[in-house]
Every structure is written in structure tokens, then in C-alpha cells.
**Student:** 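I am attaching a structure below and will ask some questions about it afterwards.
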Amino acid sequence: MGKSRFNTAIALFLAALTAFTAACQETAPPGGAEGGETTETSAGGDEGGLKLGSLTPTTGDLSSIGQNMPVAVQLAVDTINACGGVNDMPVGLVQEDSQTDPTAGGAAMTKLAEVDKVAGVVGSFASSVSSAAVDVAVRNGVMQISPGSTSPVFTERAAAGDFDGYWARTAPPDSYQAPALAVLAQKQGFERVATVVINNDYGVGFEQEFVKAFEKLGGTIVNKDNPVRYDPKAATLDSEAAAAFAGEPDAVLGVLYAETGSVLLKAAYEQGLSEGVTVLLTDGVYSPDFTQQVGTTPDGKSIIAGSLGTVPGADGVALAEFTTLWQEETGKEVSAFVPHSWDAAIAMMLAAEKADVNTGEGIRDNLRAVTNEPGEEVSDPCEAIAMIREGKEINYQGASGNVEFDDNGDLAGSYDVWQVNEDGSLEVIDTVSPVDAL
């Protein structure tokens with residue numbers, strides 16, 4: 001999408017907003033799932049217009065990454081509303097905080113599906129939360145597209161028919177990312193790697209895929225017979241840190257969340273265990289807030305300086321235009337999973353327009369029709385929805401990637417390699433492909 005088209009669309013939306021604010025927009029008081037905050041933009045929803053929800057972690061263990069996700073979803077809705085909405089009506093949005101907690105997330109999805117009557121939900125981020133929410137969505141015929149739940153469990157359940165097509169994700173599963181990290185470990189010359197993971201679908205699923213891939217590449221998993229899996233609610237993680245760094249590994253794979261993972265790595269440092277051992281990390285801690293939580297050495301350097309990690313990259317043809325819009329509207333840099341959140345929301349709105357109905361079933365049945373071949377490639381959301389209105393077949397090309405969903409709702413992706421600098425900042429230094437380990 002050209003910069004001028006984005007600016008024009010947003011300007012038209014802001015002008016129109018003043019005309020129907022009283023009838024179309026409200027902010028509900030705090031009191032979402034388990035004490036979370038609910039924000040509702042009900043434009044057109046009560047009169048039969050498309051209503052979407054977002055379920056993202058603005059608080060809890062993943063809040064350092066999750067806070068920008070609902071902003072991206074709102075921006076997507078605003079953009080489509082500025083160019084006519086969906087099925088001739090504005091799109092409504094109800095936003096819920098998952099709190100990075102499966103219980104809270106499940107309750108929030110129940111509210112979105114059964115009280116707010118949304119047709120689709122962008123979220124959640126944590127795989128454990130999506131696991132708690134997806135069955136609620138399926139039961140109520142709500143399309144769920146996660147921008148970041150990467151556990152392989154969802155592929156298995158989708159293949160078994162558990163989701164009836166009401167599940168997809170714009171971030172690739174860990175069955176791709178874990179082999180990519182294994183390839184990175186091999187390229188770094190690591191022969192012996194230990195693992196420590198958060199004990200949930202995300203952590204255990206990633207660990208299992210990494211072990212399989214690293215051994216296929218000729219590496220050794222030091223603690224394969226005694227994997228370290230930590231309780232995210234544990235008060236201390238000293239013993240888990242000691243177990244993870246035992247056995248003289250070249251590197252330790254940490255599949256962590258920010259708040260609890262920082263406690264574990266700080267404990268390893270304070271016990272003198274991490275010197276000379278490279279920490280391998282994943283997307284769950286890709287945030288400068290995480291390195292600040294881990295802390296610094298007496299000379300002011302990050303405790304985990306030199307750590308390496310992978311994160312699903314964004315390389316879509318629309319990334320440059322989206323980046324410009326994002327920076328103009330928020331004043332921020334594009335952070336991890338923001339393009340994936342945008343694409344999830346845009347894809348659902350395009351599918352609803354294609355269906356000519358504002359239902360989860362309509363989104364489900366038309367999602368691949370607007371994102372996969374053989375339609376005409378288009379990356380501008382306003383142009384895309386206009387083409388659908390004209391009866392044309394489209395192949396939406398997103399900011400995160402080409403958004404080509406397979407039968408299980410998965411897509412392939414690229415992976416950025418990032419490192420932690422001495423000042424605690426994060427820097428993307430390379431890309432890596434899982435192909436050599438698959």
C-alpha cells in the first residue's frame with residue numbers, strides 16, 4: 001500500500017469518526033476476564049455489522065511483547081473502516097487482556113464468544129492460553145487466528161479435525177522454528193546443548209522439536225533423559241538453573257517467558273554457572289524489557305550479553321508500507337509479532353467481505369480464498385477489499401509474509417537471528433532456515 005493511500009484512509013476515518021462516535025464507540029470499565037480490562041469499539045456490531053475481538057497479553061509474563069498487539073489490531077480495523085468497512089458497515093472491535101494466563105484467557109474467550117458475539121478473534125499469543133481458548137471458539141463458531149501461538153500441538157489437533165477449520169495462525173509453528181534454532185546452534189559449533197523450558201505447551205513442544213532436530217544434525221542433548229521444565233508459578237528457580245547448566249554444555253536452550261525466565265537466568269549467573277556458556281533463546285523473550293529484568297554485571301554489562309535467539313521474521317511485500325503507517329500512528333518502531341497481528345485482523349475482514357456475511361463460519365470458509373493462490377496478488381488492504389466487492393479473486397500479501405495457510409491453518413515463515421548486546425539491547429544479525437534439519 002502506498003503511503004498516500006494509507007494517510008488518506010486514516011484521515012477519512014478520523015473525519016468520519018466524529019460523526020458517529022456517540023453511537024459507535026464506547027470504552028467499558030475494567031472487569032474483563034479475571035480482572036482484566038475490556039475495551040469495546042462497537043461500531044456497527046449491534047446492528048449486524050462484523051464484530052471482532054482481540055485476546056492478547058497486555059499484562060502478565062508476556063506483556064513486554066504483547067502490549068503492541070492490540071494496537072495493531074485496532075489500526076487494522078480503523079484502516080478497513082476508513083475505506084468503507086466490511087459488508088457496507090463499520091467493523092466493531094472488543095479487546096480483552098489474556099493476562100498470559102490460561103484461566104483468564106479461557107474466561108475472556110467465553111465472554112467474547114458468548115456475550116459479545118464476535119465472529120473472529122485475533123489471539124492469543126501464549127500457546128497455553130490459545131489451548132484454553134480454542135475449544136471455546138470452536139464450540140461457538142468463532143474464527144481464531146493467533147499471531148504468535150507456535151506450539152506444534154495445534155498442528156496435531158487441527159490434523160485430527162478438532163478445530164473444524166476455526167483455527168489458524170500467522171506465525172509459523174515451532175516445528176519450523178525449533179529446527180531453525182538447531183541449525184543456528186550447529187553453525188555456532190555447539191556440540192553439547194542442555195535445555196530448560198517453561199512447563200507448558202509452548203515450552204515442551206519447542207523442546208521436543210529442538211531435541212529431534214539437533215540430534216539429527218549430530219549434536220548431543222546433555223540432559224535429554226532429565227529435561228528441566230520449570231513451573232511458571234514457582235517462587236524461586238535456583239535448583240532449575242543449577243540443573244540446566246550442569247553437565248558442561250556448550251550452550252543452554254532456554255524456552256522461557258520474560259518474567260520467570262529472567263529469574264532463572266539471573267539465578268544461573270549468581271551461582272556462577274553461566275560463565276562461558278552461550279544461552280540460546282526464542283521469541284518468547286524477544287524484548288529489551290527481558291534483558292533489563294535479567295540485570296547487569298558489576299561493570300554494567302548485560303548478564304546475558306552474547307546470547308543468541310530466533311524469532312519469526314516479517315518479510316512481507318507490505319512490510320515497508322505498514323512500517324511507515326505504524327510509525328506515523330504510534331511513534332514506535334515495529335516490534336515482534338505486530339505485523340502478524342495486523343495480518344490476522346486484515347485477513348479475517350477480507351474473508352468476511354468475501355463471504356458477504358459477518359459470521360465466524362463465513363470467515364472460516366473464505367479465509368484461504370482471500371489469502372492463497374490463485375487470486376491476484378494485492379497488499380493494500382483498501383485495494384484488496386475493493387477488489388473483493390468487484391467480484392475479483394485476490395491473494396492477500398501481508399506485512400508479516402505472504403499469509404499462505406495450509407489445511408491445518410499453518411504457514412511457513414522466515415526466522416531472524418538476534419543477539420543480546422553488552423548494553424542489553426537486541427540486534428538482528430542474520431536469518432536462518434530450518435530446511436537443513438527437517
Side-chain angles (χ1 to χ4, degrees), residues 57 60-66 100 126 128 174 177-178 181-182 184-185 188 190 192-200 202-204 206-207 210-211 214 221-223 226-311 336 417-429:
D61 215 352
L62 288 175
S63 60
S64 59
I65 301 176
T100 326
S128 59
D174 289 332
Q177 184 177 182
L181 191 54
L184 175 63
Q188 292 293 314
F190 302 141
R192 294 166 50 82
V193 174
T195 63
V196 55
V197 306
I198 189 168
N199 193 15
N200 61 17
Y202 168 60
V204 175
F206 196 110
E207 170 203 75
F210 178 85
V211 169
F214 192 60
I221 302 298
V222 174
N223 61 340
N226 296 289
V228 182
R229 299 169 179 172
Y230 73 87
D231 182 353
K233 297 183 179 179
T236 63
L237 295 169
D238 292 354
S239 60
E240 289 85 352
F245 284 80
E248 299 182 351
D250 301 322
V252 171
L253 166 66
V255 186
L256 319 167
Y257 287 171
E259 290 184 9
T260 48
S262 62
V263 172
L264 186 143
L265 293 179
K266 188 173 183 179
Y269 167 76
E270 291 175 343
Q271 295 177 63
L273 303 171
S274 56
E275 184 175 357
V277 181
T278 299
V279 178
L280 300 175
L281 298 167
T282 66
D283 52 291
V285 294
Y286 184 64
S287 167
D289 291 346
F290 169 67
T291 62
Q292 293 172 12
Q293 288 173 296
V294 178
T296 58
T297 63
D299 59 356
K301 297 178 181 179
S302 172
I303 286 173
I304 55 172
S307 296
L308 298 171
T310 52
V311 62
V417 177
W418 53 278
Q419 70 176 9
V420 180
N421 297 323
E422 289 186 350
D423 63 358
S425 63
L426 307 181
E427 179 183 3
V428 173
I429 59 172

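Not measured: the values here are computed from a predicted model.
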**Student:** Decide side chain to side chain contact (heavy atoms under 4.5 Å, CB included) for Leu253 and Val196; before the verdict, give the C-alpha distance in whole Å, the side-chain angles of both, and the deciding distance to 0.1 Å.
**Tutor:** CA-CA 6 Å; Leu253 166 66; Val196 55; over 6 Å; no
**Student:** Side chains of Phe214 and Ile221: does their closest heavy-atom pair fall under 4.5 Å?
**Tutor:** yes
**Student:** Return yes if some donor-acceptor pair links the side-chain N/O of Arg229 with the main-chain N/O of Gly203 below 3.5 Å, else return no.
**Tutor:** no
**Student:** Would Ser63 and Tyr257 count as a side chain to side chain contact (heavy atoms under 4.5 Å, CB included) here? Give the steps.
**Tutor:** CA-CA 10 Å; Ser63 60; Tyr257 287 171; over 6 Å; no
**Student:** State, with a plain yes or no, whether a side-chain heavy atom of Val204 is found less than 4.5 Å away from one of Val255.
**Tutor:** no
**Student:** Between Leu184 and Gly309, what is the shortest heavy-atom contact and its length?
**Tutor:** CD2-O, 4.3 Å
**Student:** As an exercise, state the distance from OG of Ser274 to CD1 of Ile304, rounded to the nearest 0.5 Å.
**Tutor:** 10.0 Å
**Student:** Given side chains that start at C-beta, do those of Phe210 and Asp174 come closer than 4.5 Å, heavy atoms only?
**Tutor:** no
**Student:** Do you know which two heavy atoms are closest between Ile303 and Val294, and how far apart they sit?
**Tutor:** CD1-O, 3.3 Å
**Student:** What pairs of residues pass the salt bridge (Lys or Arg N to Asp or Glu O under 4.0 Å) test when at least one of them lies in residues 239-266, not counting sequence neighbours?
**Tutor:** none
**Student:** Does Val228 reach the side chain of Asn223, with side-chain heavy atoms less than 4.5 Å apart?
**Tutor:** yes
**Student:** State whether a side-chain donor-acceptor pair under 3.5 Å links Asp238 with Thr236.
**Tutor:** no
**Student:** Would you call Asp283 and Trp418 a side-chain contact if the rule is heavy atoms closer than 4.5 Å?
**Tutor:** no
**Student:** Atom CD in Gln293, atom OG in Ser287: separation rounded to 0.5 Å?
**Tutor:** 7.5 Å
**Student:** Would a 4.5 Å heavy-atom cut-off, applied to side chains only, mark Leu426 and Phe290 as touching?
**Tutor:** no
**Student:** Hey, could you give me the OG1/CZ distance between Thr278 and Phe190, rounded to the nearest 0.5 Å?
**Tutor:** 3.5 Å
**Student:** Minimum heavy-atom separation for Ala305 to Glu422, with atom names?
**Tutor:** CB-CA, 3.8 Å
**Student:** Could you give the distance from CD1 (Ile198) to CG (Leu264), rounded to the nearest 0.5 Å?
**Tutor:** 10.5 Å
**Student:** Tyr230 and Gly261: which non-hydrogen atoms are nearest, and at how many Å?
**Tutor:** OH-N, 3.8 Å
**Student:** Search all heavy atoms of Leu256 against all heavy atoms of Leu281 and return the closest pair with its distance.
**Tutor:** CD1-CD2, 4.0 Å
**Student:** So which heavy atom on Leu62 is nearest to which on Thr100, and how close?
**Tutor:** N-OG1, 3.2 Å
**Student:** Asn200 side chain to Tyr202 main-chain N or O, any donor-acceptor pair under 3.5 Å?
**Tutor:** yes
**Student:** Determine whether a donor-acceptor pair (N or O, by modelled atom type, separation under 3.5 Å) exists between the side chain of Ser262 and the backbone of Ala258.
**Tutor:** yes
**Student:** Is it the case that more than 12 heavy atoms not belonging to Gln271 sit under 6.0 Å from its CD atom?
**Tutor:** yes
**Student:** Give the intermediate values and the outcome of side chain to side chain donor-acceptor pair (under 3.5 Å) for residues Thr310 and Gln177.
**Tutor:** CA-CA 7 Å; Thr310 52; Gln177 184 177 182; 3.1 Å; yes
**Student:** Any non-hydrogen side-chain atom of Gln419 less than 4.5 Å from a side-chain atom of Ser307?
**Tutor:** no
**Student:** Any chance you could measure Thr282, atom OG1, to Leu280, atom CG, to the nearest 0.5 Å?
**Tutor:** 10.0 Å
**Student:** To the nearest 0.5 Å, tell me how far Asn199 CG sits from Lys233 NZ.
**Tutor:** 12.0 Å
**Student:** Can you find a pair of side-chain heavy atoms, one from Val279 and one from Phe245, that are under 4.5 Å apart?
**Tutor:** yes
